Amino acid sequence: MNCEKCHKNHATIHLTAIEGGMKKEAHLCDECARQTGVHLKFNFSISDLLGGLMEPTTKTPKVNQVRCPECGITYSEFKTKARLGCANDYEVFRSELLRLLEKIHGSTQHAGKTPHTVDAQVRKENELIRLKKDLESVVKSEDFEKAAEIRDRIKTIELELNR
Amino acid sequence: MKVEELLSQSGEWLKGTGPESDVVISSRVRLARNLHRFPFLTVATPQVRAEVEKFVRPRLEEGKLPRKLVYWSLSELSAVERALLVERHLISKEHEKADGDRGVAVGADEAISIMVNEEDHLRLQVIRSGLQLDEAYEEIDRMDTALEGSLNFAFSPQFGYLTACPTNVGTGLRISVMMHLPAAALSKQMEKVLQSLQRLNYTVRGFYGEGTQPLGDFYQVSNQITMGKSERDIISELKKVIPEILKFERSWRHKLIDDEPRKLEDRVWRAYGILKHARRITSEEATDLLSALRLGLTMNVITGIPHKVLNELFIFTQPAHLQKIERKILDPEERDSVRAEFIRRRLEGL
């Protein structure tokens with residue numbers, strides 16, 4: 001992202017200001033920030049940093065109410081704490097996090113180490129998602145024998161995943 | 001091993017023998033990992049915290065790992081012992097102050113430590129003396145791979161290792177190089193260094209990590225970006241930046257000795273005089289003077305004090321260390337006397 005003032009340098013300073021009850025964002029390069037009288041703080045906490053990078057609260061009110069079914073936190077709670085509640089949040093808040101990760105890391109795709117267990121695991125995870133959907137449909141069609149079978153399979157996989 | 005046994009040794013990284021040790025104190029690498037299917041600590045109930053510790057602890061203590069680790073449950077330690085672990089850089093301040101079930105597994109030479117239930121379920125760290133980024137990463141990578149054998153880490157093919165804070169996600173890798181930059185600081189050049197590092201997406205912090213002020217001209221430079229790059233790339237980029245800072249600091253050191261040799265000598269010898277004779281000294285003053293002494297040693301303004309002794313003085317004169325050595329709780333004034341005496345004794349006869 002380029003500096004909003006000079007449109008030349010890369011913006012390294014991201015500010016959130018409240019003026020007249022409205023949140024405003026500014027993205028500046030070091031030099032323009034200094035000229036505007038914004039000094040670099042030597043120490044800043046991760047939440048300060050995140051605070052500066054978050055989207056304004058008023059813009060997307062619905063997103064803030066989305067709640068993760070596994071850990072129970074909402075996106076707005078994440079914004080306050082700057083910490084996620086569980087691994088599933090990365091899927092639940094996916095589109096917002098993609099924007100945030102782009103700003104923090106300049107990337108949204110992992111390019112490092114992969115645990116050697118991951119392939120088998122990813123396959124199992126996918127099977128789990130599919131089985132849960134199957135279960136819903138067989139319960140609807142009242143095929144309880146089949147449902148019991150699927151439930152057993154889900155339990156087995158969940159146990160394997162919890163190894 | 002008990003926590004107080006740490007007093008009879010000092011960490012491998014304090015030896016002061018590593019490459020570039022005139023400027024670089026230590027290289028530290030850290031990996032953030034969470035367990036699959038356990039909620040992150042942000043929302044974890046006391047029961048979940050206990051479950052995580054119960055699940056992880058035996059796996060850290062088992063003999064199959066590349067390093068033998070000793071586990072300390074922090075709730076079983078005294079406040080002074082917890083503070084001592086912070087002063088040794090084995091746990092973070094946040095981990096010290098937190099509540100609930102949590103712990104740390106430490107290797108005998110203190111080069112490796114694994115915090116359990118800090119911000120993430122596991123925080124692995126390896127510290128090496130001087131500039132040894134590859135060596136430090138290789139060691140932590142071996143430990144991480146070994147742990148994968150018995151623990152299932154939260155991972156997504158797109159997001160990588162999943163962490164409580166999105167600033168760590170991906171590799172979960174934070175590399176910090178602790179440097180002593182007294183000449184750059186004395187010549188008021190630090191602002192320049194900080195700004196150029198910030199432009200390159202590196203953060204600079206004080207001696208004890210996030211939120212701490214630079215003490216005694218020690219600065220920790222760390223990568224900010226953890227995603228979209230491989231571990232190797234993150235390391236090789238930092239390996240290009242650090243030599244620039246070394247060159248910068250060394251050039252200002254030479255300028256000091258060329259332009260104002262008397263001023264530098266006076267500063268170093270005054271520091272030595274006070275350290276050798278003071279009867280009361282605060283932690284801040286001691287750190288400041290030890291920093292000047294360290295500068296003098298690397299510039300040969302003063303000789304005969306081993307780096308190891310000096311490095312140890314920085315750590316052993318911290319409040320928790322002094323209280324553990326004296327085996328009692330001391331108020332700040334008492335600590336100042338004990339600290340002055342400790343330094344005097346260590347410098348005697350050198």
Side-chain angles (χ1 to χ4, degrees), chain A residues 9-10 12-13 29-31 34 39-40 42-50 53 68 70-73 77-78 81-91 93-94 97-98 100-119 121-122 125 158 160-163, chain B residues 31 34-44 119 141 144-145 148-173 190-191 194-196 198-199 201 203-206 210-214 224-234:
Chain A
N9 301 331
H10 187 66
T12 50
I13 297 180
C29 67
D30 284 4
E31 209 162 305
R34 230 175 313 127
H39 294 288
L40 287 178
F42 178 72
N43 275 302
F44 57 87
S45 71
I46 298 286
S47 1
D48 279 353
L49 175 75
L50 275 181
L53 293 172
C68 169
E70 285 201 10
C71 70
I73 76 159
E77 280 163 3
F78 159 64
K81 285 189 198 163
R83 301 287 182 278
L84 294 162
C86 72
N88 193 44
D89 291 354
Y90 279 92
E91 289 311 319
F93 309 134
R94 186 182 179 85
L97 284 175
L98 286 175
L100 186 63
L101 292 174
E102 183 64 45
K103 284 185 188 173
I104 300 172
H105 302 289
S107 167
T108 55
Q109 177 59 53
H110 175 56
K113 184 175 179 176
T114 301
H116 53 66
T117 49
V118 94
D119 291 339
Q121 188 188 319
V122 168
E125 297 269 28
E158 280 184 334
E160 283 169 1
L161 287 169
N162 275 320
R163 163 182 70 97
Chain B
L31 292 175
N34 283 288
L35 298 178
H36 187 60
R37 288 185 176 265
F38 279 96
F40 293 163
L41 291 146
T42 332
V43 298
E119 185 183 301
D141 186 44
D144 179 53
T145 305
E148 265 175 24
S150 60
L151 298 168
N152 218 339
F153 293 138
F155 179 89
S156 117
Q158 169 161 23
F159 296 117
Y161 291 94
L162 304 175
T163 53
C165 186
T167 53
N168 297 314
V169 76
T171 56
L173 175 67
M190 276 317 292
E191 188 73 5
L194 298 185
Q195 281 181 13
S196 36
Q198 212 139 9
R199 212 168 297 143
N201 286 313
T203 52
V204 184
R205 295 181 277 215
E210 198 173 312
T212 64
Q213 285 300 316
Q224 219 170 289
I225 291 175
T226 57
M227 186 181 230
K229 292 176 185 180
S230 71
E231 290 80 359
R232 290 285 164 205
D233 285 346
I234 295 173

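Every value quoted in this text rests on a predicted model; they were computed, and no experiment measured them. We name chains A, B, ... by the order of the sequence lines, and we start the count at 1 in each one. Atom set for the values below is all heavy atoms of this structure, side chains included, hydrogens, waters and symmetry mates excluded.
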Quiz item: Counting only N and O atoms by type, is there a donor-acceptor contact under 3.5 Å from the side chain of A:Q109 to the main-chain atoms of B:P157?
Solution: yes
Quiz item: Distance-only, no hydrogens or angles: does the B:E231 side chain make a donor-acceptor pair with backbone N or O of B:T171 under 3.5 Å?
Solution: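 Checked: no pair found.
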Practice problem: Counting only heavy atoms closer than 4.5 Å, note whether B:D144 contacts chain A via side chain, backbone, both or neither. | Solution: both
Self-check item: Contacting moiety of B:D233, where chain A heavy atoms sit under 4.5 Å
Solution: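 Neither part.
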Practice problem: Take B:V169 and B:L162, measure what side-chain contact (heavy atoms from CB on, under 4.5 Å) needs, and give me the verdict at the end. | Solution: CA-CA 5 Å; B:V169 76; B:L162 304 175; 4.2 Å; yes
Self-check item: Set of ring pair (Phe, Tyr, Trp, His ring centres under 6.0 Å) partners for B:F159, sequence neighbours left out
Solution: A:Y90
Quiz item: Non-hydrogen atoms of chain B under 4.5 Å away: do they reach the side chain of A:E70, the backbone, both or neither?
Solution: neither
Self-check item: Verdict with reasoning, B:Q224 to B:T167, per side-chain contact (heavy atoms from CB on, under 4.5 Å)
Solution: CA-CA 8 Å; B:Q224 219 170 289; B:T167 53; over 6 Å; no
Looking at [options], which makes the most heavy-atom pairs under 4.5 Å with chain B?
options: A:L98, A:N88, A:T108; result: A:T108
options: A:G72, A:A87, A:C71; result: A:A87
options: A:C86, A:G112, A:S107; result: A:C86

Exercise. Specify which of B:P39, B:S156, B:A164 makes the most heavy-atom pairs with chain A at under 4.5 Å.
Key: B:A164
Quiz prompt | Partner chain A: residue of B:T145, B:N34, B:I234 with the largest heavy-atom pair count (under 4.5 Å) | solution =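 Result: the option with the highest number of such pairs is B:T145.
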Practice problem: Tell me, with the steps shown, if A:I73 and B:T42 meet side-chain contact (heavy atoms from CB on, under 4.5 Å). | Solution: CA-CA 10 Å; A:I73 76 159; B:T42 332; over 6 Å; no
